[in-house]
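Please read the structure below before turning to the comments.
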2 protein chains.
Amino acid sequence: MNAAADTDLATCFAALGDPTRFAIVTRLMTEGPQSAGALLDVADISAPAVSRHLKVLRQAGVVHQQVDAQRRIYSVAPEAVQAIGRWSMTKREFWEGSLDRLATVLDDLQAE
Amino acid sequence: MNAAADTDLATCFAALGDPTRFAIVTRLMTEGPQSAGALLDVADISAPAVSRHLKVLRQAGVVHQQVDAQRRIYSVAPEAVQAIGRWSMTKREFWEGSLDRLATVLDDLQAE
DNA sequence: TTGTTAATTAACTATTGAGTTATTTATATG
DNA sequence: CATATAAATAACTCAATAGTTAATTAACAA
């Protein structure tokens with residue numbers, strides 16, 4: 001809601017705006033936490049390139065890093081995805097005529 | 001849900017990732033639709049710069065343009081904000097233990 | 001110790017992107 | 001018609017970013 005939170009959100013969007021990083025985050029969400037090396041095939045790029053993308057995501061607070069011996073295990077930060085959802089929801093008057101219809105959207109999601 | 005939709009979402013995130021563009025979108029949502037000229041003071045930049053930001057937002061589907069004589073009136077595209085919200089919601093298992101708690105979050109939002 | 005694996009950092013290149021001023025397009029108005 | 005207003009496009013500069021290969025750091029294993 002405040003200026004600082006908005007800045008963080010824009011940073012978050014910027015991090016997710018890169019196709020490779022979006023693919024990394026999608027992969028981590030659908031397949032669960034994995035190492036930097038396991039993420040190498042999300043795009044046809046080198047290990048250092050993936051490493052730098054992960055650094056951007058980490059600094060934006062989109063992913064968390066967990067050390068396991070030589071491996072670094074990455075996972076999606078729930079708070080980040082939640083923050084994006086909250087942003088959309090607080091602006092919902094722009095995509096919904098009334099709060100009543102929100103239930104319908106949620107019902108649709110459950111039906112998927 | 002499909003690959004094309006994901007690409008669009010990443011484009012959307014990229015558009016919102018720039019601080020100036022995020023400010024433009026926030027302004028349009030809180031104050032309602034307005035002309036390119038009226039948006040000039042969202043940042044200390046020239047009119048052509050604002051114009052180009054609006055073009056990026058329009059091409060990403062984040063804003064709509066409406067012609068009114070010489071003026072171009074811009075407004076936030078509800079579908080874009082909704083799409084972002086849906087993305088977050090479909091991934092909610094990463095930020096919520098169960099669907100039950102979703103109601104609590106929505107209650108919090110209503111209480112704001 | 002020595003070698004292997006995992007990942008990051010360093011150094012560099014090429015492209016993209018955001019900004020500028022000047023110009024063009026289009027509409028309204030004296 | 002001539003001029004003013006509104007916005008976009010053109011042409012350009014500079015900084016940021018995404019990619020590369022080579023080198024470094026760190027932990028495990030023979």
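None of A:Val56, A:Val62, A:Leu57, A:Val76 except one satisfies the side chain to side chain contact (heavy atoms under 4.5 Å, CB included) rule with A:Ile24; the exception is A:Leu57.
The phosphate of D:dA7 (OP1 or OP2) has no side-chain N or O of B:Lys55 nearer than 4.0 angstrom. In terms of phosphate contacts, A:Ser46 brings a side-chain nitrogen or oxygen within less than 4.0 Å of OP1 or OP2 of D:dT20.
Judged by distance alone, with hydrogens and angles left aside, the side-chain atoms of B:Glu31 form no donor-acceptor pair with the main-chain N or O of B:Met29 at under 3.5 Å.
Residues A:Ile84 and A:Cys12 are in side-chain contact: their nearest non-hydrogen atoms beyond the backbone lie under 4.5 Å apart. Residues B:Leu16 and B:Arg21 fail the side-chain proximity criterion, which asks for heavy atoms closer than 4.5 Å. Between A:Ile73 and A:Gln65 the shortest side-chain heavy-atom distance does not fall below 4.5 Å.
Within 4.0 Å (heavy atoms only), A:Ala36 reaches sugar-phosphate atoms of the nucleic acid but no base atom.
Only B:Ala69, B:Gln70, listed by number, bring a heavy atom of residues 59-72 of chain B to less than 4.0 angstrom from any atom of DNA chain C.
Relative ring orientation between A:Trp87 and A:Phe13 is described as perpendicular, the plane-to-plane angle rising above 60° on a 0-90° scale split at 30° and 60°.
With a cutoff of under 4.0 Å to any heavy atom of chain A, the contacted region of DNA chain C is bounded 5' to 3' by C:dT5 to C:dA11.
For A:Leu57 and D:dT17, the CG to C1' distance is 14 Å, given to the nearest whole Å. Atom-to-atom, CG of A:Asp18 to C1' of D:dT17 comes out at 9 Å; the value is rounded to the nearest Å.
Residue-environment remark: CG (B:Asp41) exceeds the threshold of 12 foreign heavy atoms within 6.0 Å.
Considering every non-hydrogen atom in both A:Tyr74 and A:Ala36, the closest pair reads CE1-CB, 4.0 Å.
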